[in-house]
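Beneath this line is the structure, given in structure tokens, with notes to follow.
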Amino acid sequence: MKTIFQHKCAAKRDYSRQIAFFNRYSILFHALLACALVFIIEVCSRRSFIDACVFLGGHAFAFFFNALIIFFTMSIVYLFRRRLLMRIIISCIWLLLGIINGCVLSQRVTPFGYTDLKCISDLLTMTNTQYFTKTQEICVIILLAILVVFLVILALKGPKFQGHPHKIRALCFCAGMGVIMSAATTMAQNSEQMASYFSNIAQGYSDYGFVYGFSSSVMDRGMSKPDDYSETRIREIRQTVAQARSEASSYQLAESDKVVSDSKGKQPNVICVLLESFMDPTEINFLNLSKDPIPNFRALSDNFTSGYLTVPVVGAGTANSEFEVLTGMNLRFFGTGEYPYKTVLKETDCESIASDLSKLGYGTHVVHNNGGNFYSRANAFSQFGFDTFTSKELMNIQEYTPLGSWPTDDILIGETEKALDSTPNQSDFVYTITVQGHGSYPEEKILTNPEIRVSGAETEEKNNQWEYYVNQIHEVDKFIKNLTDMLSKRDENTILVLFGDHLPTLGLADEDLKSGDIFKTKYATWNNFGLEQKDADLTAYQLLAYTTEQAGLHEGTIFTYHQAGEYETDDTQYQNDLENLQYDLLYGERYCYDGANPYPASDLQMGVDETHVSRYEKNPDGSLSIFGDHFTNWSRIYVNDEKISTRFVSDTQLILSAENAADLESGDTIKVCQVGSSNTIFRTTENALMYYAADAAAENTVAEEFDAETKTDADTEEKDQPKKTSKSKNTQKKNKR
């Protein structure tokens, strides 16, 4: 017994000496731990041990600067007694971020940034797709649960620091590290050892490390105030634009053959189509194609204004290309990896092509065969001033891609035409967003008899991916032909603008492309009123200014600024003035508007079809059929404002199960709502039905109808859901125009 007791005492003394040793040299161990974490994170991010070693050898300064950032975060452990727990928590946070970045880069080119955390809800809406599967979601939840349990046990049972806490000294140390970190960052950026801005985010993370890149996305958000920003400077810019526009107008009046309106005196419709992940596959140097996959897009490029389009993202980030196109603003002036849809546009209205054309009497619409809440689009389009937004929840989608991941784009032709028809006495701007080309692309062979065969990639798996992608883009090209056919049959002057938002997530590098730049896609136009072909290579933020200028449309702060210049992106003064205007509209005093707000957010109406319920009918199995019109897969039956499980049958029939139908009582109200993610109610039937048990027993009974209340369970709506517009209010709005 004595021997055992002595062994225990000796072990305790050894443990105490070890703890004392680690406490005495904890700063050194923190430095070593920080270096180890940076290396592991780079292995995860680059998905290669060798590439992490190359980063350490070729970018040693960046490696140790990343370690300094982690060392700085480790300094807070001295404020706690459970220092081991805090070290593990901080280490786990960094490791999780690195692992997430590696997973993200396996699906797209753009690395993981702070703003991506705001898109987690969007990612969860994409479960059971090739982009994010249900199995992956379950695995993530299980692993996080295990980690939480481990940390809880460690918090309850783990060791505590036994010495004097020295809280004041610990606070001084943390503050000192903060000062050192700030000074080191300034010095590193001024000496150009570390970049203060990433023109190519993917390359920036690769050159300077994930820890520094992610930290930049946390600290550098929004727009910084330009050094020369002032009311006087804004007025000078506006005067320069006004003078340039006056001179241009004088020149255009001399062009007698300039026609911008149709026989009815209406200005031309403008249709802008975002082609998801669209590119010209013949631009890829190593790819062999059995035939041209995009003959229709190429025909437009050959006969109408077209060119390369420089976009701000690669492989993902559609919303950022979209932001530049719709606002004319340069995303380069924002923080690293920022999504304005998820930040400034949450609360701030923003002048856009929609609000500008509304000033000219246009009806403005969005059509998109994906979720209305994805990228917080419903909120963003309201802030942009659009009249209507038809998302997938308002569409009767039946056709999907071979993987079943995304709807095909053919449905957008009819929905675009509906948007045009919804305002018969107005010119229209319709912004249509496709989705069929969206990744990810399967490594296994999915298409047994593809229309276009592909070879030339480095592996069979890569060939399968390219073959799937190219054939989907070929289907999108057919959509382009059908869209132009539909528009050409209408007796309305129309200009169509089509553009690729970014390259696909297939690992392309600059040297793989004829353009030599992975940030370049292509755009093409079409019109039916004889506009002159004026090819030009543009940026996304210049695209609509350039094309609407050709149609004689001059309106708005940013767009007229672009039109007054020469579209020279490398001109320092051009970019400086653009930065001032952007800051003024989004973060500044809005000197452009002289204290007014001429472009407020709109009361966005979801969809252009008025949905009704007409009758209900008891089925032999006890279920209840609800009949009406414009139902979709996202239609849900509401009984007394409570959502009930619903089975979609067709665009005119929904079914309430026998179990739920048995719970109905006389006097209950029945209506149908179009429901998006997070139970957001996008639209409610114009009327509701009053249920009577006796009537339900009779076949083909028309129940008592009454107007549905406009309230839509505000508790279930997302904060960024725009206010709904009633039919009468929307009509009044259009009559005002």
Side-chain angles (χ1 to χ4, degrees), residues 104-105 107-113 115-116 118-123 125-126 129-132 201-202 272-279 309-332 334 337-343 345 350 352-354 366-381 383-384 386 389-392 401 405-409 412 431-441 469 472-473 476 479 497-506 508 518-523 539-541 543-544 677 720:
V104 166
L105 289 176
Q107 297 291 331
R108 74 184 196 195
V109 176
T110 307
F112 181 68
T115 313
D116 284 311
K118 296 177 179 291
C119 300
I120 290 177
S121 59
D122 295 335
L123 181 64
T125 66
M126 299 168 69
T129 70
Q130 291 296 312
Y131 210 73
F132 186 61
I201 296 175
C272 181
V273 182
L274 181 153
L275 302 172
E276 170 64 43
S277 301
F278 186 90
M279 70 170 297
L309 187 72
T310 300
V311 295
V313 291
V314 178
T318 296
N320 280 350
S321 293
E322 180 174 284
F323 174 82
E324 287 201 347
V325 168
L326 294 179
T327 65
M329 297 183 182
N330 187 348
L331 205 69
R332 178 177 179 175
F334 289 85
E338 181 161 353
Y339 288 89
Y341 280 18
K342 289 287 187 177
T343 53
L345 291 183
C350 177
S352 73
I353 189 67
V366 182
V367 176
H368 182 30
N369 51 344
N370 199 13
N373 280 333
F374 194 57
Y375 279 128
S376 297
R377 273 191 170 113
N379 173 72
F381 292 148
Q383 302 287 26
F384 284 157
F386 278 97
F389 176 21
T390 304
S391 61
K392 74 174 184 180
T401 56
S405 306
W406 308 102
T408 57
D409 291 334
L412 297 174
Y431 174 53
T432 300
I433 312 166
T434 72
V435 78
Q436 188 165 351
H438 204 297
S440 59
Y441 313 104
Y469 167 76
Q472 292 312 303
I473 291 302
V476 175
F479 152 79
V497 183
L498 307 119
F499 72 95
D501 61 334
H502 55 68
L503 298 190
T505 311
L506 285 166
L508 290 171
I518 59 173
F519 285 87
K520 283 187 177 179
T521 64
K522 282 190 171 180
Y523 77 94
T539 62
Y541 56 84
L543 178 62
L544 287 183
S677 61
D720 60 9

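Everything numeric here is computed off the predicted structure, so don't read it as measured data.
- Here the straight-line distance linking atom CD1 of Ile353 with atom SG of Cys272 works out to 8.5 Å at 0.5 Å rounding.
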Pair Leu345-Tyr339, side chain to side chain contact (heavy atoms under 4.5 Å, CB included): steps then yes or no: CA-CA 9 Å; Leu345 291 183; Tyr339 288 89; over 6 Å; no
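- Every residue two or more places apart in sequence or in another chain was checked for a side chain to side chain donor-acceptor pair (under 3.5 Å) with Thr521, and none qualifies.
- Taken to the nearest 0.5 Å, the CZ atom of Phe384 stands 9.5 Å off from the CG atom of Asn379.
- Taken to the nearest 0.5 Å, the NE2 atom of His368 stands 10.5 Å off from the OG1 atom of Thr432.
- Of all heavy-atom pairs spanning Cys350 and Thr327, the tightest one is SG-CG2, 4.0 Å.
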Could you tabulate the donor-acceptor pairs under 3.5 Å formed by side-chain atoms of residues 310-318, not counting sequence neighbours?
from, atom 1, to, atom 2, distance (Å)
Thr318, OG1, Glu276, OE1, 3.0
Thr318, OG1, Asp501, OD2, 2.6
Thr318, OG1, His502, NE2, 3.3

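- Remark: the backbone N or O of Thr408 is not paired with any side-chain donor or acceptor of Thr401 at under 3.5 angstrom.
- For the residue pair Leu275 and Leu498, the shortest heavy atom distance occurs at CD1-CB, 4.0 Å.
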For the pair Val325 and Leu274, evaluate side chain to side chain contact (heavy atoms under 4.5 Å, CB included) and give the outcome as yes or no after the intermediate values. CA-CA 9 Å; Val325 168; Leu274 181 153; over 6 Å; no
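- Atoms OG and OH, on Ser321 and Tyr541 in that order, are 12.5 Å from each other to the nearest 0.5 Å.
- When side chains are defined from C-beta on, Ile433 does not count as touching Asn370, because their heavy atoms never get closer than 4.5 Å.
- With hydrogens and angles ignored, the 3.5 Å screen pairs a side-chain donor or acceptor of Asp409 with a backbone N or O of Val435.
- Checked against the 6.0 Å centroid criterion, the rings of Phe334 and Phe323 qualify as a close aromatic pair.
- In this structure Tyr469 satisfies the ring pair (Phe, Tyr, Trp, His ring centres under 6.0 Å) test together with Tyr441, Trp466, sequence neighbours excluded.
- Once rounded to the nearest 0.5 Å, the distance linking NZ of Lys522 with CG of Leu309 reads 12.0 Å.
- Shortest non-hydrogen contact noted between Tyr341 and Ala319 is CD2-CB, 3.8 Å.
- Taking each heavy atom of Glu324 and Arg332 in turn, the nearest pair found is OE2-N, 4.5 Å.
- At a cut-off of 3.5 Å, with distance as the only test, no side-chain donor of Glu322 or Tyr375 sits close to an acceptor on the other residue.
- Residues Met279 and Leu508 have side chains in contact (heavy-atom distance under 4.5 Å, counting atoms from C-beta outward).
- Across all their heavy atoms, Gly371 and Ser391 have their closest contact at C-CB, 4.3 Å.
- Separating the OG1 atom in Thr434 from the CD1 atom in Ile473 is a distance of 7.5 Å, to the nearest 0.5 Å.
- Residues Thr539 and Asn330 form no side-chain contact, since every pair of their non-hydrogen atoms from C-beta on lies 4.5 Å or further apart.
- Contacts of Phe499 classified as ring pair (Phe, Tyr, Trp, His ring centres under 6.0 Å), with partners at least two apart in sequence or in another chain: none.
- Between Pro340 and Asn320 the shortest heavy-atom distance is CD-OD1, 3.3 Å.
- Residues meeting the side chain to side chain donor-acceptor pair (under 3.5 Å) test with Gln472, sequence neighbours left out: Gln436.
- Legend: residues meeting ring pair (Phe, Tyr, Trp, His ring centres under 6.0 Å) with Tyr523, ordered by chain and number and at least two apart, are absent.
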